[in-house]
Amino acid sequence: MSRHHESSGQEDSAARISFTIDGETCAAIAGQTIMEAADGAGVYIPRLCDEEGLDPQGSCRVCTVKVNGRPVASCVHPVGAGDVVENDTAEIRGWRRDLVRMLFHEGNHLCPICEASGRCELQAMGHRFETFEADLFPYLQPVRPVDASHPDIMLDTNRCIRCGRCIRASRDLDGKHVFGYVGRGINKRVGVNGIDLSHTDIDLDDMAAALETCPVGCIIRKRLGFFSPIGRRLFDMTPPGTAIQKRKGNSK
Ligand code: FES
């Protein structure tokens, strides 16, 4: 399903439908996903594996909403005329809190010493859903490799949440297919065709989109650490979803 594209003449002639989200009536274009329609209406649905400009993967489930009483992943589920969507309810916030909490417990996310702290979407979701208020699950503390062999970037799979955004960005935006999954089950992580980064003939520019889209501190640019002081970091200033919420009232 292709999505998140700028509006075009084709869309202008497409069927307009309406639906409600948390009781608010919103307009959509037939064929859009619920997330696309909500984005267009200025309603933010939290997400991790999805980013505007990438095809959806539908794996993290943080974007789960209820449609006519049934839970679905909004980034892959098409919106229907008259749909009643629940997004920001106590029940759904609880699901999202547990999903985010499990990601923290499954990997090794040491926020205070992570270069991505303050601009990490996982950390921002942790704060949003008060994930750090209690430890409900055991920490798995897996042993995972760090690949610092490339001159310009480093891959720390302790922080990989398997969102696949780098894989899609590398394939569809960089056109390079640098990243892919390696391993299975709980050992699945992002990698470079099973080899070290140093064995690629790829330079920094070839990985620009993949680097940019990593929501955590898994793909790190060398020699550029901790460049914003606490209080002036990206999500100190504008939490995830700010740009989408600013669209409210501007949608047709
Ligand atoms: Fe929809 Fe991850 S954002 S499943």
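Just so it is clear, the structure is predicted and the values come from calculations on it, not from any experiment. Atoms within each ligand, like the ligands themselves, are counted from 1 in listed order.
- Note that CZ of Arg47 is 7.0 Å distant from OG of Ser74, once rounded to the nearest 0.5 Å.
- The pair Glu24-Lys248 counts as a salt bridge, with a side-chain nitrogen and a carboxylate oxygen less than 4.0 angstrom apart.
- Protein N/O/S atoms found under 2.8 Å from atom 2 (Fe) of ligand 1, listed by chain and residue number: Cys49 SG, Cys60 SG.
- The aromatic rings of His109 and Phe104 stand perpendicular to each other, their planes meeting at an angle above 60°, with 30° marking the opposite boundary.
- With contacts defined as side-chain heavy-atom distances shorter than 4.5 Å, the pair Ser59/Arg162 does not qualify.
- Atom CE of Met102 is separated from atom CZ of Phe137 by 5.0 Å, given to the nearest 0.5 angstrom.
- No donor-acceptor pair under 3.5 Å is formed between the side chain of Ser117 and the backbone N or O of Pro112.
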